**Student:** 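Submitted below is the structure of interest, expressed as structure tokens.
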Amino acid sequence: MIFHIVTIFPEFFRGPFEHGVTAKAKDAGLLDIRIHDLRDWTFDRHRTVDDRPFGGGEGMVLKCEPLFLAVESIWPERKPGQRAALMSAQGRRFDQAMARRFQELDELLIVCGRYEGVDERVAEQLVDEEVSIGDYVLSGGELGAAVIVDCVARLLPGVLGHPDSAVNESFSAGNRLDCPQYTRPADFRGWKVPDTLLSGNHEEIRKWRLRTALEKTARLRPDLLGDPVRPDNRKLDKEHEQRVADEGYREE
Ligand code: 9D3
């Protein structure tokens, strides 16, 4: 599979893909990651990629022209197995199901947003979809692009050591969290590994793993079990609101 990443920070991607699963997949020829510097498609003295927003307001917006030229020169014509995504805070949230869909592609092109945003015509006319990695504010799309490459790369056939480890977890992902895991020593500073795991009774171990996975999911991610609200977060949000009221605290 080929990933194209269009960015104003090509150096950002020197590190993240040179380790672990993505490095192995690249070496094995299963994966090719091509980083494209957006400024290669600017032709003025200052290599301008951004401009002030129409209608006024803070910050700068990524311009259409370099982004359209970049994608149109990477793909002079579009083939069926190619898809382009814009990383943006306004996108649909990336999840394991989206990763599995991307894994079917021959090529995924990821445009990294920056500044206060990207000219909306990029989302409307240039890319196939707009993708966010979660409900928090980043300063650009580069970390999101790295997240997507890592997540999709490890699903590619032949990348993981055990052929069915990706299948097993894709079954549980989205339904519940993994069960707790332990390794030696069986007693660390008096904190003991649950007896069941040391018992050798595989039926008891299976039941223990299912029960603790469900307990942990109910405690940390009740939303996965059908509860739309995360009670702990609600409490944290209340506390935050109280701080705002008390001290006029503001984000950013
Ligand atoms: C604080 C600025 N926001 C309101 C005016 C809008 C905004 C603009 C640009 C918020 C974030 C960004 C930069 N973020 C991304 O490009 C981004 C992102 C993210 O912020 N969160 C989660 N996923 C992604 S993917 C790209």
Side-chain angles (χ1 to χ4, degrees), residues 3-17 22 33-39 41-42 47-71 74 83-103 105 107-155 173-174 221 223-224 230 233 236-237 240-241 243-244 248-252:
F3 288 91
H4 299 275
I5 300 178
V6 177
T7 174
I8 60 167
F9 293 125
E11 330 79 59
F12 177 95
F13 296 97
R14 283 186 179 281
F17 305 134
T22 42
I33 303 169
R34 302 183 190 168
I35 310 299
H36 306 271
D37 186 345
L38 183 62
R39 291 190 203 276
W41 289 278
T42 59
R47 308 184 84 193
T48 309
V49 292
D50 60 333
D51 205 341
R52 292 151 65 206
F54 276 123
E58 291 293 296
M60 301 292 270
V61 174
L62 272 186
K63 291 163 64 65
C64 282
E65 291 98 322
L67 286 169
F68 273 73
L69 288 175
V71 174
I74 293 165
R83 234 173 141 77
L86 169 67
M87 299 308 302
S88 99
Q90 281 70 48
R92 208 152 61 77
R93 189 150 77 231
F94 182 70
D95 62 9
Q96 197 65 27
M98 206 186 281
R100 285 195 292 271
R101 180 161 60 78
F102 288 160
Q103 173 254 305
L105 296 169
E107 300 184 34
L108 177 65
L109 186 156
I110 305 174
V111 174
C112 301
R114 269 278 153 182
Y115 307 116
E116 281 309 293
V118 179
D119 189 301
E120 189 65 15
R121 288 165 290 194
V122 171
E124 285 175 349
Q125 311 294 341
L126 183 63
V127 301
D128 302 298
E129 54 198 296
E130 202 171 348
V131 179
S132 155
I133 59 163
D135 296 339
Y136 36 78
V137 181
L138 299 171
S139 52
E142 282 76 11
L143 278 168
V147 164
I148 289 179
V149 171
D150 184 277
C151 185
V152 175
R154 58 186 293 291
L155 296 179
R221 293 293 307 277
D223 57 306
L224 293 181
R230 298 161 63 174
N233 283 5
L236 291 170
D237 288 346
H240 176 78
E241 274 165 34
R243 275 200 303 281
V244 172
Y249 169 88
R250 283 188 65 238
E251 233 179 309
E252 290 148 356

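Both counts, for ligands and for their atoms, begin at 1 and track the order of listing. Computed from heavy atoms alone, side chains included, the values below leave out hydrogens, waters and symmetry copies. Remember, it's a predicted structure, so these values are computed and weren't measured experimentally.
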**Student:** Using 0.5 Å steps for rounding, measure from the CZ atom of Arg101 to the CG atom of Leu155.
**Tutor:**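 Answer rounded to 0.5 Å: 13.0 Å.
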**Student:** Which atoms of ligand 1 sit under 4.0 Å from any heavy atom of Gly134?
**Tutor:**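 This gives 21 (N), 22 (C) as the contact atoms.
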**Student:** Number the atoms of ligand 1 from 1 as they appear, then name those within less than 4.0 Å of a heavy atom of Tyr115, with their elements.
**Tutor:**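 Every atom of ligand 1 under 4.0 Å from some heavy atom of Tyr115: 8 (C), 9 (C).
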**Student:** Could an N or O of ligand 1 be found under 3.5 Å from any N or O of Leu138, whether backbone or side chain?
**Tutor:**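 The answer is yes, given that Leu138 and ligand 1 share an N or O pair closer than 3.5 Å.
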**Student:** Sequence neighbours excluded, which residues qualify as side chain to side chain donor-acceptor pair (under 3.5 Å) partners of Asp119?
**Tutor:**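 Result, side chain to side chain donor-acceptor pair (under 3.5 Å) vs Asp119: Arg121.
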**Student:** Which of the atoms of ligand 1 are close to Met87, meaning less than 4.0 Å from one of its heavy atoms?
**Tutor:**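 Contacts of ligand 1 toward Met87, numbered from 1: 25 (S), 26 (C).
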**Student:** Identify the heavy atoms of Ala99 and Cys151 that sit nearest to each other, and give their distance.
**Tutor:**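 For Ala99 and Cys151, the tightest heavy-atom pair comes out as CB-SG, 3.6 Å.
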**Student:** Just say parallel, tilted or perpendicular for the rings of Phe94 and Phe102, cut-offs at 30° and 60°.
**Tutor:**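 Correct class here is parallel.
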**Student:** Would you check the N or O atoms of Val131, main chain and side chain alike, for any that come under 3.5 Å of an N or O of ligand 1?
**Tutor:**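 No.
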**Student:** So, for Ile148 and Ile110, which heavy atoms are closest and what is the spacing to 0.1 Å?
**Tutor:**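 In this case the closest contact between Ile148 and Ile110 is CG2-CD1, 4.0 Å.
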**Student:** Nearest heavy atom to atom 26 (C) of ligand 1: which of Cys112, Ser88, Ser139, Gly113 does it belong to?
**Tutor:**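 Nearest option to atom 26 (C) of ligand 1, by heavy atoms: Ser88.
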**Student:** With a 4.5 Å cut-off on side-chain heavy atoms, are Phe13 and Ile33 touching?
**Tutor:**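 A side-chain contact is absent here, since even the closest heavy-atom pair is not under 4.5 Å.
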**Student:** Using a 4.0 Å cutoff against the non-hydrogen atoms of Gly140, which atoms of ligand 1 qualify?
**Tutor:**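 The atoms of ligand 1 under 4.0 Å from a heavy atom of Gly140 are 13 (C), 14 (N), 15 (C), 16 (O), 17 (C), 26 (C).
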**Student:** Can you name the atoms of ligand 1, numbered from 1 with element, that are less than 4.0 Å from a heavy atom of Ser132?
**Tutor:**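 That gives atoms 22 (C), 23 (N) of ligand 1.
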**Student:** Tell me whether Gly144 reaches ligand 1 (any heavy atom closer than 4.0 angstrom to a ligand atom).
**Tutor:**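 It does not; every heavy atom stays at 4.0 Å or beyond.
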**Student:** What part of Glu116, side chain, backbone, both or neither, has a heavy atom within less than 4.0 angstrom of ligand 1?
**Tutor:**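 Contact part for Glu116 vs ligand 1: both backbone and side chain.
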**Student:** By the salt bridge (charged side-chain N to carboxylate O under 4.0 Å, His left out) test, which pairs, at least two apart or in different chains, include something from residues 137-149?
**Tutor:**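 Matches after skipping sequence neighbours: Arg114-Glu142.
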